[in-house]
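Here's the structure, in structure tokens; my notes come after.
Atom set for the values below is all heavy atoms of this structure, side chains included, hydrogens, waters and symmetry mates excluded. For this chain, numbers begin at 1 and follow the sequence in order.
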Amino acid sequence: MARFSIPLTGFLLLCCCLLPALRLTEADYFKYKDPKQPLNARIRDLMKRMTLAEKIGQMTQIERTVATPDVMTKYFIGSVLSGGGSVPAPKASAETWINLVNGLQKGSLSTRLGIPMIYGIDAVHGHNNVYNATIFPHNVGLGATRDPNLVKRIGEATALEVRATGIPYVFAPCIAVCRDPRWGRCYESYSEDHKIVQAMTEIIPGLQGDMPPTAQKGAPYVSTAKGKVAACAKHYLGDGGTTNGINENNTVIDLNGLLRIHMPAYLNSILKGVATVMVSYSSWNGKKMHANKELVTGYLKDKLRFRGFVISDWEGIDRITSPPKANYSYSVQAGVGAGIDMIMVPYNFTDFIDELTYQVKNNIIPMSRIDDAVNRILRVKFVMGLFENPLADLSLASQLGSKEHRELAREAVRKSLVLLKNGKSAYKPLLPLPKKAGKILVAGSHANNLGNQCGGWTITWQGLEGNNNTMGTTILSAIKSTVDPTTQVVYNENPDANFVKSNKFSYAIVAVGEPPYAETFGDNLNLTIPQPGPSTIANVCGAVKCVVVVISGRPVVIQPYLAGIDALVAAWLPGTEGQGVTDALFGDYGFTGKLARTWFKTVDQLPMNVGDPHYDPLFPFGFGLTTKPTKN
């Protein structure tokens, strides 16, 4: 047998040459970067490599306006958000959005471990911050459809439009059970009845994808297929039950009531794989939810076995104290200690990072709490494929405001309409209206106002009146394109009675309601239709047969005008596709919507919900007249 031998010195020299190459090969292989590795192995491998600074960075969410690639790199920031109306440029294109998100992401990817950040945005009725996006009806209208499949399809469309702009995470759905319409966020709630809210959690698989039957219960699930986003069930817990509907206030109810009314939809959301849960600003029996360890950790994480991450609301931990940030060290200790994993800071992030770092180093907050938070955040990022596909491209740009999505929104509008009155006598219905008529009047502050039609959380946080803020179809435009070409359409926003009487109109359509608002700005103890709405109703309906279309985020005071109105339609906040309203008004489709909220007689009755002993509504929960489609 031939032997090959080399001197010992040569062997040692060969080893010295090979060792760096072997080390390089090992260094190039990071288990956490290998998608073939099991999920938990990837999480463990990455976490054991992370410093405290890198872990706390993952727990930090900052606003777009203070985020730069350098900030992402220096502070290892885990997440960025756009607050309401926070956009890279007015009327920004999909490409502009993608460039923003990718620019920040490249900062994150350039860090030592290259952990991608996750960009989040409020997409609560479509991709509502973005110009030319499809704006769907707000949840109050979707609840009236009683159609979970429709809501799932809206989730699918919304996810595509959000991904079209390079964003992988939405702060939706709101699964509040609004028990008092005086609350300024009531339109973000599907219903006063938790069963309807539970059914509407079908939006979650629409946004995230259908959870496989083999998936672990409680685990976050986001499909890695293109066009899906991580969702966020909010606001945990009892946000819709505050006293007098005051936003961010106190929900006074026993534990049984809290679990019976406000908790069920969270269980549905978790079973459908919701990736994140946002904590409510509100308190439960005087204790701030952002500091409620029993409910955040004890119930949500331990009892319901939720495995995604818990996120605070905007400055949520600051508002644990009154005034906000009065004792920030206590806020950090209480909020993180309660079990909140990611803090929506959103501006003064160095204060948060410094304070949390100090508390961990001084054993005020245990390292186990930090590790739990980071484990959950990384779990979501791994599950949704963010490590494999951290950068967005333009391949979905055509989805933004697409024809198919606008048709879906139109379908949602017509299914959400609730017909409350049809004719002064049941034997003489006014609707559906004839398309062919001599001359018709269209009036009211909401007939030709896309901003009013969309409501709050549209383009800006509070919403904007007018027709120049995004693309869509007003009710007036829809009427003009629906009626017979020979029908003369006269538009007068607020006509006087003499004008109406002297013009011999065949009939009139009056669209009035609430101006746009969001959150605390919408808290309202009187719930009246603002002037000139009531005078428009009086002037028009006193002189000609009229249908009044109410555009509002909740039931409003209508009883004083009801006798003088021939037909009454609750259209809620329909969004950009006004043709959905005319689809039903003119009989191309029938009215099918049913009230998912009780319509009160007077505000003195509030709160009043179905099943209450003093239940005496103007229109009860579940009410809604129907019509058949007609050919005219």
Could you state the interatomic distance from CD1 (Ile203) to SG (Cys174), rounded to the nearest 0.5 Å?
-> 10.5 Å

Check disulfide bond (SG atoms under 2.5 Å apart) between Cys454 and all other residues, then give those that pass, not counting sequence neighbours.
-> none

Residue that, paired with Glu577, satisfies salt bridge (charged side-chain N to carboxylate O under 4.0 Å, His left out) out of Arg410, Arg406, Lys403 = Arg406

Full working for side-chain contact (heavy atoms from CB on, under 4.5 Å) between Tyr75 and Ile62 | CA-CA 11 Å; Tyr75 296 97; Ile62 67 174; over 6 Å; no

For Leu104 and Met117, what are the C-alpha separation, side-chain angles and deciding distance, and is it a side-chain contact (heavy atoms from CB on, under 4.5 Å)?
-> CA-CA 8 Å; Leu104 296 174; Met117 67 88 183; 4.0 Å; yes

Ring centroid separation Tyr517 to Tyr187 under 6.0 Å = yes

Residue Tyr330 excluded, over 12 heavy atoms near OH under 6.0 Å | no

Is there a donor-acceptor pair closer than 3.5 Å between any side-chain N or O of Asn129 and the backbone N or O of Ala123?
-> no

Does Asp341 come within less than 4.0 Å of Arg369, counting only side-chain N to carboxylate O?
-> yes

Answer yes or no: does atom CE of Met47 have more than 12 heavy-atom neighbours from other residues, nucleotides or ligands under 6.0 Å?
-> yes

For residues Asn375 and Arg44, is any side-chain donor paired with an opposing acceptor at under 3.5 Å?
-> no

Ser86/Glu63 under side-chain hydrogen bond (donor to acceptor under 3.5 Å, both in side chains): CA gap, chis, key distance, verdict | CA-CA 9 Å; Ser86 177; Glu63 218 285 326; 2.7 Å; yes

All heavy atoms of Arg42 vs all of Glu388, minimum pair found to be NH2-OE2, 2.6 Å

Centroid-centroid distance, Tyr347 to Trp314, less than 6.0 Å | yes

Would you tell me whether Asn268 and Thr201 have side-chain atoms, one donor and one acceptor, within less than 3.5 Å of each other?
-> no

By side chain to side chain donor-acceptor pair (under 3.5 Å) - contacts of Glu95 (at least two apart) = none

Ser552 and Glu514: side chain donor to acceptor below 3.5 Å = no

Matching residue for Trp457 among Gln462, Glu188, His125 - test: side chain to side chain donor-acceptor pair (under 3.5 Å) | Glu188

Would you say Arg305 has more than 12 foreign heavy atoms packed within less than 6.0 Å of its CZ?
-> no

Closest approach of Val71 and Val66, non-hydrogen atoms and distance?
-> CG2-O, 4.0 Å

Separation between CE of Met72 and CD of Gln105, rounded to the nearest 0.5 Å | 7.0 Å

Can you check whether Tyr119 and Tyr169 have ring centres sitting under 6.0 Å from each other?
-> no

Could Lys361 and Tyr358 be counted as a cation-pi pair, given that NZ or CZ must be under 6.0 Å from the ring centre and within 45° of the axis?
-> no

Would you please say whether a donor-acceptor pair under 3.5 Å links the side chains of Asn348 and Thr350?
-> no

Carboxylate-amine/guanidinium proximity below 4.0 Å for Lys234 and Asp239 | no

Quick one: do the Thr68 and Asp70 side chains pair a donor with an acceptor below 3.5 Å?
-> no

Which atom pair, heavy atoms only, marks the closest approach of Lys55 to Ile370?
-> CB-CG2, 3.9 Å

When you look at Lys381 and Gln58, which way does the side-chain hydrogen bond (donor to acceptor under 3.5 Å, both in side chains) test go after all the steps?
-> CA-CA 11 Å; Lys381 290 182 177 184; Gln58 284 301 303; 2.7 Å; yes

Determine, step by step, whether His290 and Ser331 satisfy the side-chain hydrogen bond (donor to acceptor under 3.5 Å, both in side chains) criterion, reporting the C-alpha distance in whole Å, the side-chain angles of both residues, the deciding distance to 0.1 Å, and the verdict.
-> CA-CA 9 Å; His290 275 75; Ser331 287; over 6 Å; no

Does some side-chain heavy atom of Leu39 sit less than 4.5 Å from a side-chain heavy atom of Val383?
-> yes

Salt-bridged, Arg319 to Asp313, with N to O below 4.0 Å?
-> no

Report the C-alpha distance between Thr158 and Glu161 in whole Å, list the side-chain angles of each, state the deciding distance to 0.1 Å, and finish with yes or no for side-chain hydrogen bond (donor to acceptor under 3.5 Å, both in side chains).
-> CA-CA 5 Å; Thr158 300; Glu161 296 207 18; over 6 Å; no

Report yes or no: do Ser110 and Thr73 form a side-chain donor-acceptor pair below 3.5 Å?
-> yes

Heavy-atom pair with the smallest gap, counting every atom of Ile135 and Ala409 | O-CB, 4.3 Å

Within-4.5 Å side-chain heavy-atom neighbours: Cys232 and Ile311 = yes

Within 6.0 Å of NZ in Lys287, more than 12 heavy atoms from elsewhere | yes

Pair Glu315 + Lys325: basic N to acidic O under 4.0 Å | no

State whether Arg554 and Asp180 are salt-bridged, where the test is any N-O pair (Lys NZ or Arg NE/NH1/NH2 against Asp/Glu carboxylate O) under 4.0 Å.
-> no

Sequence neighbours left out, what passes ring pair (Phe, Tyr, Trp, His ring centres under 6.0 Å) with Tyr281? Give chain and number order.
-> none

Verify the neighbour count for atom CG of Asn468: are there more than 12 heavy atoms of other residues, nucleotides or ligands below 6.0 Å?
-> no

Run the side-chain contact (heavy atoms from CB on, under 4.5 Å) check on Arg64 and Leu81 step by step: do they pass?
-> CA-CA 6 Å; Arg64 174 196 66 83; Leu81 84 150; over 6 Å; no

Evaluation steps, side-chain contact (heavy atoms from CB on, under 4.5 Å), between Lys228 and Leu207 | CA-CA 6 Å; Lys228 294 300 179 186; Leu207 292 163; over 6 Å; no

Nearest non-hydrogen partners of Gly308 and Pro220, listed with the distance = N-CD, 3.8 Å

How are the rings of Tyr236 and Tyr266 set to each other: parallel, tilted or perpendicular (split at 30° and 60°)?
-> perpendicular

Atom NZ of Lys33: over 12 foreign heavy atoms under 6.0 Å | yes

Taking atom types as modelled and ignoring hydrogens, do the side chains of Trp284 and Asn292 form a donor-acceptor contact shorter than 3.5 angstrom?
-> no

Which value, rounded to the nearest 0.5 Å, describes the distance between Ser312 atom OG and Ile340 atom CD1?
-> 6.0 Å

Rounded to the nearest 0.5 Å, the CD atom of Gln37 sits from the CD1 atom of Ile43 at a distance of 12.5 Å

Glu411/Arg153 ion pair, N-O < 4.0 Å = yes

Which heavy atom of Thr474 sits nearest a heavy atom of Gln453, and at what distance?
-> CA-OE1, 3.3 Å

Quick one: CG on Asp354 to CZ on Phe349, what's the gap to the nearest 0.5 Å?
-> 10.0 Å

Any chance you could lay out the salt bridge (Lys or Arg N to Asp or Glu O under 4.0 Å) test for Asp393 and Lys226, step after step, and finish with the verdict?
-> CA-CA 11 Å; Asp393 58 44; Lys226 207 158 199 174; 3.3 Å; yes

